[in-house]
Visitor: 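Sharing a structure, written as structure tokens. Questions coming.
These figures come from a predicted structure and were not determined experimentally. Residue numbering restarts at 1 for every chain, and letters A, B, ... go by the order of the sequence lines. Hydrogens, waters and symmetry mates are skipped; everything else that's a heavy atom, side chains included, is used.
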Amino acid sequence: MTDIESLTTFREDAYRLLAACYYPPTKELLEENCCALLAVLLDQAIPDAAQCAREAEQTMGADLEPLMVEHARLFIGPFHLVAPPYGSLYLDDARTVMGESTARVAAFYQSCGLRLADDFHELPDHIAVELEFLSYLAHEEREAVVMDNRDEVDRLAGLQREFLATYLLPWLEPFTRAIIDDGESPFYQAVARCTAAFVNADNEALTAKEHA
Amino acid sequence: MNVKLSRRTFLKISGTATAGITAAATLPESFLSWAESAPEEMKQVPTFCELCFWNCGLIAKVQNGKVVKVDGNPLSERGRGRLCGRGNAALGSLYDPDRLKTPLINIGKRGEPKWKKATWDEALGVIAGKLAVIKEKHGPDAVALFSHGSGGAFWKHLLKAYGSNYYTAPSFAQCRGPRDVGFTMTFGTEVGSPEFYDFGQSRFIVLLGSHLGENAHNSQVQDLVHGLERGAKLCVADPRCSNIASKADYWLPIRPATDLALLLAWIRIIVNEDLYDADYLNRYASGFAELKDAVQEYTPEWAEKETDIPAGKIVEVARELAAARPNVIVSGGRFAAWYGDDAQRARAIALLNALLGSWGRPGGIYLPAGGGVPEYPGLPDYPEHTAGIPKLDEAYPFALSQTTTSIRNAAITGQPHPMKGWLVYGCNLMKTMPNREETIKAINNLDLLVAIDIVPADIIQWADVVLPECTYLERHDALSLGKFKKFEISIRQPAVQPMWESKPSWWITRELGKKMGLEAFFPWKDGEEYLAKRCEAGGINFAELKQKGVLTMEEKSAPYITDQNQPTFDTPSGKIELYSKQLAEKGFDPVPKYKKHPQPPEGHFSLLFGRSPLHTFSRTTNNFLLTDLVPENSLWISRKKARQLGLKDGEYVRLQNTAGVKSSGKVKIRCTERLREDCLYMVHGFGVHSGGMKRADNKGVGDEELLAGYRIDPIMGGTGMRSNFVKIVKEG
């Protein structure tokens with residue numbers, strides 16, 4: 001990654017825009033067209049992810065109801081929950097929410113000075129929270145670049161690699177595959193493909209930087 | 001580039017850091033915020049359990065916002081510091097990934113739902129709107145509530161404020177109703193829930209169709225074990241050698257559906273051999289001569305032919321039982337809706353207790369402490385019950401509550417008046433009521449079905465609106481009041497905040513009440529204030545209750561009869577009624593008469609069912625801590641029959657009833673020496689068909705699916721749930 005890329009908000013914005021796609025869809029999701037933004041962001045660096053984002057943009061539609069039904073079917077239930085959005089269901093032997101890995105994810109946030117708000121009704125290892133967390137770390141890293149604090153930049157890059165390797169990548173594939181294979185809405189399928197492509201590419205870039 | 005996100009980001013950083021990350025976006029109201037925090041100390045929150053209805057006091061241990069363990073509260077009369085296997089599995093309910101998470105509106109069909117996530121405002125708006133229309137068109141009595149569990153108190157309050165009196169629970173007509181009616185006809189009052197059994201002091205205990213212990217009724221099991229330790233004799237009449245039967249002095253493997261023959265033979269022996277408590281009966285009872293006359297035909301030899309129990313054994317047990325009077329209990333268990341004429345069997349059980357003078361005596365049935373806590377002060381009166389609305393249960397003169405089946409019938413037929421809206425709280429109606437087809441027919445006639453639950457049980461897929469209640473560890477509830485030897489008050493308080501969008505019933509009913517124009521009935525600020533006000537009105541130290549979880553009130557009167565402490569009997573005559581005039585007046589047998597029940601046709605078995613100590617109905621079948629131990633039910637069959645039919649242990653089979661209905665799932669064979677050859681046995685609650693309950697879906701078989709027809713007790717409306725005759729169908 002070039003210094004110029006490090007100085008842009010590309011990574012933190014991409015993570016945040018992806019996170020936004022996994023929250024229950026509202027009018028704003030349709031209005032803000034975040035997939036279009038995502039496509040523009042990713043165009044140069046990760047073209048296949050950008051292509052997926054464009055598909056998501058095109059398949060989103062203008063009607064909220066089908067998105068809400070599919071979002072509930074994929075992520076909320078009550079029947080045949082297709083792709084539970086919680087890390088612990090993929091990572092822990094017990095396969096429950098608020099599992100051991102959930103506690104470790106929360107502890108990870110805490111070690112970075114962050115915690116979940118009391119009025120937040122989702123779990124620490126919800127896909128969107130993990131993506132937002134990476135957005136936060138990317139933001140902190142950029143700040144450190146601006147301040148020319150090399151140690152801090154390395155530390156933050158290390159944290160991102162660790163978080164990705166330990167908590168997100170191990171369930172990213174089965175989670176996105178469940179959406180792609182069993183989803184009924186091209187929008188969420190495209191979002192899932194985009195997520196997989198972007199996060200994997202970002203992880204490769206982070207790893208390459210470590211060895212550079 | 002400049003990313004614009006008006007309300008789509010949920011990330012918030014407290015303090016000055018916010019400016020940096022949100023340069024390109026305006027933040028919404030705090031949804032997720034990040035702040036510094038230190039690890040938390042272990043918090044201890046006293047509350048009470050809801051894994052079953054026993055409601056044992058416990059203490060939840062909480063660290064960093066997560067419940068890590070629950071332990072029994074030593075102050076609780078219901079648990080005395082101990083929890084059963086289910087109670088210990090609290091976390092399996094709280095952290096079940098399959099929980100209902102948000103309000104849902106069904107935009108598909110009932111039975112073939114298509115779910116849309118809704119906000120609380122939307123979901124409650126839809127319900128309030130439909131309830132208003134139903135009231136306008138049909139009157140408030142066209143709405144009924146089915147309820148089971150602690151939060152039901154708030155729903156009952158809402159229903160009455162709306163103007164309907166039709167609240168019901170399967171726990172009456174499908175469970176303990178017949179027993180309660182049998183005792184009420186005899187003693188003028190029920191035998192309690194928890195029952196007023198003084199097992200710990202008993203010298204002889206009879207359990208009839210009860211496998212207490214497998215029913216993990218915590219304090220009661222402790223008492224029973226304590227009584228046995230102290231030398232009490234135990235007789236268990238059960239076609240199956242249950243765990244408790246294996247510890248009995250007498251196991252009587254009775255032929256199914258002949259229990260009344262055994263009871264009447266025992267009554268005859270005790271009456272004819274003058275083994276009864278004559279002083280006690282002279283003082284407290286009426287109708288002895290009529291009773292004596294009525295039982296003369298029931299000789300031990302006759303009973304042997306009916307029950308398969310040797311006449312000599314019947315006599316031996318009766319004499320030994322009577323020799324231990326009055327420190328004896330004849331218990332008919334709790335689930336009593338067996339054959340559709342069960343109130344009379346319960347009457348016979350009550351009569352035996354009366355003859356032996358056990359009511360009000362040590363080791364018998366104790367006189368419970370009185371007590372109560374006032375309702376929230378200053379609530380308006382409920383609207384007058386609409387004049388001229390016919391009673392749904394007119395046909396069953398001694399029903400103590402509305403029956404589920406009468407409400408279902410009204411929904412099907414519109415008679416005696418229309419039934420258009422159901423609120424279903426914590427009841428999996430698809431499994432608790434006999435005849436699923438009738439239930440579906442009734443539901444399809446409704447204008448509104450609201451299901452309030454924690455997990456997506458079978459009934460959810462028939463609902464128009466689903467409201468997610470939070471689990472007991474996340475909420476305040478109404479007080480739990482217990483009539484033991486002391487009066488007990490327990491408080492439920494949240495150990496952690498509700499997960500997802502789930503909410504407690506005090507909140508849901510209040511918000512719904514507001515939308516229905518009933519805000520005057522819901523003045524409480526929150527769950528804690530609701531409880532504090534009630535305690536204040538009752539002179540109860542709320543701070544102490546919160547801190548201890550359980551308070552017990554010293555009782556002035558003793559739990560046993562003494563010269564100063566005389567029992568009262570709330571029967572028409574004010575006495576224990578051995579002969580029931582009120583039954584005779586309505587055309588029923590004033591003293592129970594034996595009636596033969598059908599026996600299984602050739603090639604069929606009586607299908608018995610009971611409880612697992614590790615599950616509560618279908619409600620816990622998705623609890624991962626419990627499914628790890630008991631993931632499905634199995635089908636007990638005698639080893640000999642299994643050999644004859646070529647069945648092996650662990651083999652999966654289906655069952656088929658006499659009407660040709662085949663079980664929708666398969667069940668695993670368990671060969672045993674502990675069961676009569678003409679019976680099959682399994683645990684009730686399995687055979688859930690709900691894709692949303694991943695661990696439970698399609699595991700095992702539900703007995704209720706196999707009821708070929710069911711009789712209704714003409715005395716009180718109880719349904720016969722144990723009249724299944726089935727054969728085993730092998731499949732590849």
Side-chain angles (χ1 to χ4, degrees), chain A residues 8-10 12-13 16-17 19-20 23-26 28-29 31-32 34 37 40-41 65 68-69 71-73 76-81 84 86 88-89 94-99 102-103 106-107 109-110 112-123 128-129 132-133 135-136 139-140 143, chain B residues 1-13 20-21 23-25 29-39 64-67 91-92 94-102 104 107 113-118 455-456 460-461 466 497-502 624 628 690-694:
Chain A
T8 69
T9 58
F10 148 70
E12 62 197 68
D13 288 338
R16 263 175 54 219
L17 289 165
Y23 281 109
T26 59
E28 289 78 14
L29 179 74
E31 285 166 2
E32 280 155 9
C34 67
L37 289 169
V40 175
L41 271 179
E65 189 162 285
M68 291 172 77
V69 168
H71 183 273
R73 203 183 70 88
I76 294 176
F79 293 105
H80 303 288
L81 188 58
Y86 309 107
S88 67
L89 292 177
R95 316 240 154 182
T96 76
V97 292
M98 291 295 273
T102 315
Y109 298 160
Q110 198 167 47
C112 297
L114 307 173
R115 75 175 179 90
L116 299 180
D118 292 336
D119 59 348
F120 172 64
H121 300 300
E122 269 298 349
L123 307 182
V129 184
E132 284 189 5
F133 178 62
S135 166
Y136 167 78
H139 161 78
E140 292 290 290
E143 297 269 285
Chain B
M1 73 176 285
N2 195 13
V3 174
K4 276 245 188 299
L5 270 180
S6 62
R7 278 166 297 273
R8 286 301 311 165
T9 175
F10 298 97
L11 187 108
K12 187 177 182 182
I13 299 177
I21 192 158
E29 293 200 7
S30 162
F31 189 58
L32 166 59
S33 77
W34 309 82
E36 288 186 35
S37 77
N64 287 333
K66 187 175 170 180
V67 182
L91 275 61
L94 174 60
Y95 297 127
D96 184 345
D98 293 345
R99 273 177 58 177
L100 293 169
K101 301 178 184 72
T102 74
L104 296 161
I107 56 169
K114 207 167 150 195
W115 298 106
K116 197 178 88 175
K117 176 186 179 294
V455 286
I460 297 297
Q461 43 200 319
V466 174
Q497 289 308 300
M499 285 171 62
W500 299 294
E501 303 289 326
S502 64
F624 54 86
D628 279 358
S690 166
M693 287 169 72
K694 278 200 205 62

Visitor: Is chain A contacted by the side chain of B/Leu91, its backbone, both, or neither, given a heavy-atom distance below 4.5 Å?
Guide: neither

Visitor: Under 4.5 Å from any heavy atom of chain B, what part of A/Ala128 do you find: side chain, backbone, both or neither?
Guide: neither

Visitor: To the nearest 0.5 angstrom, please state how far the NZ atom of B/Lys101 sits from the NE2 atom of A/His121.
Guide: 15.0 Å

Visitor: Is it the case that over 12 heavy atoms from other parts of the model lie below 6.0 angstrom from the NZ atom of B/Lys114?
Guide: no

Visitor: Evaluate the ring planes of A/Tyr136 and A/His139, with Trp represented by its six-membered ring, and classify them as parallel (under 30°), tilted (30 to 60°) or perpendicular (over 60°).
Guide: tilted

Visitor: With a 4.5 angstrom heavy-atom cut-off, could you sort out which part of B/Pro113 is near chain A: side chain, backbone, both or neither?
Guide: side chain

Visitor: Does any backbone or side-chain atom of A/Ile76 lie under 4.5 Å from a heavy atom of chain B? Answer side chain, backbone, both or neither.
Guide: both

Visitor: Of the non-hydrogen atoms in B/Trp115 and B/Gln461, which two are nearest, and what is the gap between them?
Guide: CZ2-CA, 4.2 Å

Visitor: Could you state the interatomic distance from CG (A/Leu81) to CZ (B/Arg99), rounded to the nearest 0.5 Å?
Guide: 14.0 Å

Visitor: Given that the side chain runs from C-beta out, which part of B/Lys117 has a heavy atom under 4.5 Å from chain A: side chain, backbone, both or neither?
Guide: both

